Amino acid sequence: MVFPKDFLWGGATAANQYEGGYNEGGRGLANVDVVPHGEDRYPIIAGQMKHLDFDNEHYYPAKTGVDFYHRYKEDIALIAEMGFKTFRISIAWTRIFPNGDENEPNEEGLQFYENVFKELRKHDIEPLVTITHFDMPVHLIEEYGGWRNRKLVGFYEKLVRVLFTRYKDLVTYWITFNEINMIMHLPFMGAGLVFEEGENQEEIKYIAAHHEMVASASATKIAKEINPDFQIGCMLAAGVAYPNTPDPKDVREAQIANQNSYFFVDVQSRGEYPNYALKYLERQGIEIPFEEGDKELLKENTVDYISFSYYSSKLAAHPDNLESQGKTEGNVMGTLKNPYLEASEWGWQIDPLGFRITMNEMYDRYQKPLFVVENGLGAVDTPNENGNIIDDYRIDYLQAHIQEMKNAVELDGVELIGYTTWGAIDLVSASTGEMSKRYGFVYVDRDDEGNGTLDRSKKKSFDWYKNVIESNGEDLTNIKG
Ligand code: BG6
């Protein structure tokens, strides 16, 4: 058998796209709540929003998500039926500290997650918990400017202390920040950043990233004090960048693109700013506000494992060589079109071998166990005449990726803790706010404008994944149709 007996098969979600119940249980208003569906979404996630509230013209999908808040028992029963060993959810910060800067946590919020974790444990499912997944109280943005402000480190420390203490015996695997490198691309969701005219946005993003990395190291320290068995991971939006041609200028461009994303894990896993980053920041005139003790904190509190999302590889070219190649979409960062790859309906290129290459790169670089915590295909699902969804396209994608993951483990010796597909149950898309971009094994009756019963039904991939888990990844077969 390729995978160890205790390999953690499962699925992944995030509060802001899944949970809903935005004004229930004493929850405060979060940044993602006020991000609408539609064309105004992009400027907001790029940090151009001024008015952090709802208006009557837009539809706000995070308000309801797909209602995990009320349906968690039903959803957990479904994933238990598939045989999940783990389930990734995130904490809505605003459920625990509605404004972020209170002294006392909100008991109702704490109780909600306790109920969820107990329900998971009842089914022998290991919770995998992201502490922040594109999520923070609006109050922390309005009052403090989000993660650009060092004070956020203290608020985050307070949050994690409460979580680690309360769930000491219910949770083992934690992730400090979802896709920490996304701060450079989705600064509003990643760090609550709103920019003023004329500000040096790059500098602010690096400063906010420094605060998050310090907070992450501090969380690791606090975690080990509370329960030395806790496993703390960082999380990267991964996907290797290839050079577009063998022209060394393109190769160098790809190297820079890869360094730009590994920078975050370099700090969180090796414990110090890498020289290439220090030199770059110096050239840009960006000063990172290191406080006394930061360097030691980062060095002494590195992560236990490296988790990452993988949807696609990227392609990089030197600006001189750019004209000929068209651009395409991909996990928020647009990239060049790779003529060897097919793409999803949203233009995300499909590259299973790139998954194996990415895993090898990361394992070689960090020599720590990896955890794949997102992978999957966003696709439109249309029920057939019998009302069933025959999602062979999704199975094809997952089959090919799991096969390459097996190769990475079996043939390359990569150490891997587990694999959670994105959006095991259909949920709202982070980049577009759509429901029609579906990832789940379970269909949710909801459309892009928020109509629908929210009822759950199984897709064909439900039984397929069940069998994959049952056979511990040995049997990936699918009979089409
Ligand atoms: C990752 C995020 O970037 O990709 C998820 O961690 C997100 O929150 C996922 O949903 C898929 O992206 P999208 O935009 O298709 O929802």
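Remember, it's 1-based here, ligands and their atoms both numbered in the order they're listed. It should be emphasised that the depicted structure is a prediction, and the values quoted were computed from it without experimental measurement. Any value given below was found using the heavy atoms of this structure, including those in side chains, with hydrogens, waters and symmetry copies removed.
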Residues [X] and [Y]: side-chain donor-acceptor under 3.5 angstrom:
X    : Y    : result
Y443 : D391 : no
Y173 : D304 : no
E404 : N407 : yes
Y280 : Q259 : no

Near [X], which atoms of ligand 1 are under 4.0 Å from a heavy atom of that residue?
X    : answer
Y311 : 4 (O), 9 (C), 11 (C)
N178 : 6 (O)
Y439 : 11 (C), 12 (O), 13 (P), 15 (O)
S429 : 13 (P), 14 (O), 15 (O), 16 (O)
K437 : 13 (P), 14 (O), 15 (O)
A430 : 7 (C), 8 (O), 10 (O), 13 (P), 14 (O), 16 (O)

Note to self: Heavy atom to atom 12 (O) of ligand 1, shortest distance: which of W348, F134, W346 holds it?
What the structure shows: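 Comparing heavy atoms across W348, F134, W346, the nearest one to atom 12 (O) of ligand 1 lies in W348.
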- Message: Measuring from atom 6 (O) of ligand 1, which candidate in M235, E374, E434 has the nearest non-hydrogen atom?
- Response: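 Among M235, E374, E434, the closest heavy atom to atom 6 (O) of ligand 1 comes from E374.
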For residues Y273 and F263, establish whether the separation of their ring centroids is below 6.0 Å.
-> yes
| said: Side chain or backbone, does W422 bring an N or O within less than 3.5 Å of an N or O on ligand 1? | reply: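 Checking ligand 1 against W422, an N or O pair does fall under 3.5 Å apart.
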Q) Do any nitrogen or oxygen atoms of H133 lie less than 3.5 angstrom from nitrogen or oxygen atoms of ligand 1? A) yes
Residues passing the salt bridge (charged side-chain N to carboxylate O under 4.0 Å, His left out) test with R71, sequence neighbours excluded, are D67
For residues 13-21, tabulate all N or O donor-acceptor pairs below 3.5 Å that involve a side-chain atom, not counting sequence neighbours.
residue, atom, partner, partner atom, Å
T13, OG1, R88, O, 2.8
N16, ND2, H133, O, 3.0
Q17, NE2, V428, O, 2.8
Y18, OH, D75, OD2, 2.6
E19, OE1, Y113, OH, 2.7
E19, OE2, R95, NE, 2.5
E19, OE2, R95, NH2, 3.0
E19, OE2, Y113, OH, 3.2

